[in-house]
Amino acid sequence: MQIVILKNAAEVAAYGADIFTQQLARNPGSVLGLATGSTPVALYQELIRRNQAGTVSFSKAKTFNLDEYLGLNGEHPQSYRYFMNEQLFNHIDINKENTHVPPGDAKNPIEACKEYEARISAADGIDVQLLGIGRNGHIGFNEPSSGLTSRTRVKTLTKATIDDNARFFAADEYQPHLSITMGIGTILDARKVVLLATGENKADAVHAMIEGPLTAACPASALQMHRHAVIVLDEGAASKLKDIEFYKHIEAENQKLQEYLASL
Ligand code: F6R
């Protein structure tokens, strides 16, 4: 894992935006894996700003979102399709037909999960997958005890996740307890993954992901198996890491290596 520790959430968002900007510059037809939640919002705002300034284009890109609530259609304000339209797609030059979010209103959700996997394969897989992390270590809606090689499927949310996400729902509003989520195996198939985490409330999960054992009890620890996982943290999210100085040292050396390679 490449562990990047930055001062604050703004720097984390800019770093993440750079990764997507560079990816699209290298390959305008890239396949991007996207996430919802609070963490990526600042990154999406930065991508919108760059797109409107003409420094990045999504016109040939395809996207696949990690997850969706089962039982909500894309017009529901709490659905992740609605979130993506509002937070990103409506403001950039992407062709909406090239954007994919698991269908929360599928008549046959089990079949819909298989179709979602097939669509990702037909697009030749995901180039860069964006992730956040739950306080219980979940990625996508892969809650603790999720199979480490799992594929897109219907998943029950833990009470912790339901409580964490209750802030998005009105008190008397129906809040789904089920989701469709890419599996951990699906996420690990992405050629690169970029996980962003900000704030001290993520510090325990970040510590377990990076320094704990590989275990289904912390689904994000599966990223230890990925050949190109970039973990981008602010100081709060990094605050419980034991080897923080070592990670900063590796990053400094990595910068020097990049400069050396560029000079050859
Ligand atoms: C969202 C998702 C979730 C979130 C995680 C963190 O698509 O898959 O795993 O990334 O729950 O959420 P925030 O960013 O709201 O703390």
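Only a predicted model underlies this, so the values are computations on that prediction, with no experimental measurement involved.
- Between the OG1 atom in Thr181 and the NE2 atom in His138 there is a gap of 9.0 Å [rounded to 0.5 Å].
- Closest non-hydrogen pair, Pro219 versus Asn136, comes out as CD-O, 4.2 Å.
- For the pair Tyr247/Leu233, no side-chain contact is recorded, criterion being any heavy-atom separation below 4.5 Å from C-beta on.
- The backbone N or O of Phe169 sits nowhere less than 3.5 Å from a side-chain atom of Glu173 that would complete a donor-acceptor pair.
- Taken from NE2 in His249 to CD in Glu251, the straight-line distance is 11.5 Å, to the nearest 0.5 Å.
- Between Cys218 and Ala208, the shortest heavy-atom distance links the atoms SG-CB, 3.9 Å.
- Checked for salt-bridge contact, Lys240 and Asp204 meet the test: a charged N lies under 4.0 Å from a carboxylate O.
- When side chains are defined from C-beta on, Ile92 does not count as touching Leu47, because their heavy atoms never get closer than 4.5 Å.
- Leu214 approaches Met225 most closely through the heavy-atom pair CD2-SD, 3.6 Å.
- Between Phe58 and Thr63, every side-chain heavy-atom pair lies at or beyond the 4.5 Å cut-off.
- Looking at Asn73, its side chain does come within 3.5 Å of a backbone N or O of His76 through a donor-acceptor pair.
- Between the side chain of Gln78 and the main chain of Gln175, no donor-acceptor pair closer than 3.5 Å is present.
- Residues Ile210 and Gln224 approach most closely at O-NE2, 3.7 Å, considering heavy atoms.
- The number of heavy-atom neighbours closer than 6.0 Å to CZ of Arg191, taken from other residues, nucleotides and ligands shown, is above 12.
- Taken to the nearest 0.5 Å, the OG1 atom of Thr99 stands 6.5 Å off from the CG atom of Asn85.
- Atom CZ of Phe168 has more than 12 heavy atoms from other residues, nucleotides or ligands within 6.0 Å.
- Panel note: side chain His91, backbone Asn51; no donor-acceptor pair is recorded below 3.5 Å.
- Around atom CD of Glu75, no more than 12 heavy atoms belonging to other residues, nucleotides or ligands sit under 6.0 Å away.
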With side chain to side chain contact (heavy atoms under 4.5 Å, CB included) as the criterion, how do Tyr44 and Leu34 come out once you've worked through the C-alpha distance, each side chain's angles and the decisive distance to 0.1 Å? CA-CA 10 Å; Tyr44 292 153; Leu34 300 178; 3.5 Å; yes
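- Asp18 is linked by a salt bridge (Lys or Arg N to Asp or Glu O under 4.0 Å) to Arg50, counting only residues two or more places apart in sequence or in another chain.
- Electrostatic pairing of Lys202 and Asp234 does not count as a salt bridge here, judged by no charged N lying under 4.0 Å from a carboxylate O.
- Glu117 and Arg151 are joined by a salt bridge, as a carboxylate oxygen and a charged side-chain nitrogen come within less than 4.0 angstrom of each other.
- No side-chain donor-acceptor contact under 3.5 Å links Glu11 to the backbone of Leu6.
- Within the 4.5 Å cutoff, the side chain of Asp189 has no heavy atoms near those of the Ile120 side chain.
- Listed here is the closest heavy atom pair of Pro176 and Leu157: O-CD1, 3.9 Å.
- Between the side chain of Glu200 and the backbone N or O of Ser239 there is no donor-acceptor pair closer than 3.5 Å.
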I would like to know whether Asn90 and Lys96 meet side chain to side chain contact (heavy atoms under 4.5 Å, CB included); could you show each step before the answer? CA-CA 9 Å; Asn90 288 347; Lys96 284 251 183 75; 2.8 Å; yes
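- Atoms OG1 and CG, on Thr198 and Asn201 in that order, are 7.5 Å from each other to the nearest 0.5 Å.
- Between Tyr116 and Phe64, the gap from one ring centroid to the other is short of 6.0 Å.
- Within the 3.5 Å criterion, the main-chain N or O of Leu241 finds no donor-acceptor partner in the side chain of His207.
- A donor-acceptor pair under 3.5 Å is formed between the side chain of Ser150 and the backbone N or O of Ile184.
- Put simply, the side chain of Ile139 does not reach to within 4.5 Å of the side chain of Val193, judged on heavy atoms.
- Of all heavy-atom pairs between Thr152 and Thr186, the closest is N-OG1, 3.4 Å.
- Alongside Leu257, the hydrophobic cluster contains Tyr260, Leu261, Leu264 (criterion: ILVMFWY side chains under 4.5 Å).
- Under the salt bridge (charged side-chain N to carboxylate O under 4.0 Å, His left out) criterion, no residue pair touches residues 59-68, with sequence neighbours excluded.
- The line from CD1 of Ile180 to CD1 of Ile110 is 8.5 Å long, rounded to the nearest 0.5 Å.
- Judged by distance alone, the side chain of Ser59 and the main-chain N or O of Asp93 form no donor-acceptor pair under 3.5 Å.
- In this structure, CG in Leu196 is found 7.5 Å from CD1 in Ile19, a value given to the nearest 0.5 Å.
- Between Tyr80 and Tyr69, the ring planes lie tilted relative to each other; the angle falls in the 30° to 60° range.
- At most 12 heavy atoms of other shown residues, nucleotides or ligands fall within 6.0 angstrom of atom NZ in Lys107.
- Counting non-hydrogen atoms of neighbouring residues, nucleotides and ligands closer than 6.0 angstrom, the CD atom of Glu253 exceeds 12 such neighbours.
- Comment: Arg49 engages Glu46 in a salt bridge, judged by a side-chain N to carboxylate O separation of less than 4.0 angstrom.
- Distance alone, capped at 3.5 Å, places no donor-acceptor pair between the Thr21 side chain and the Val56 backbone.
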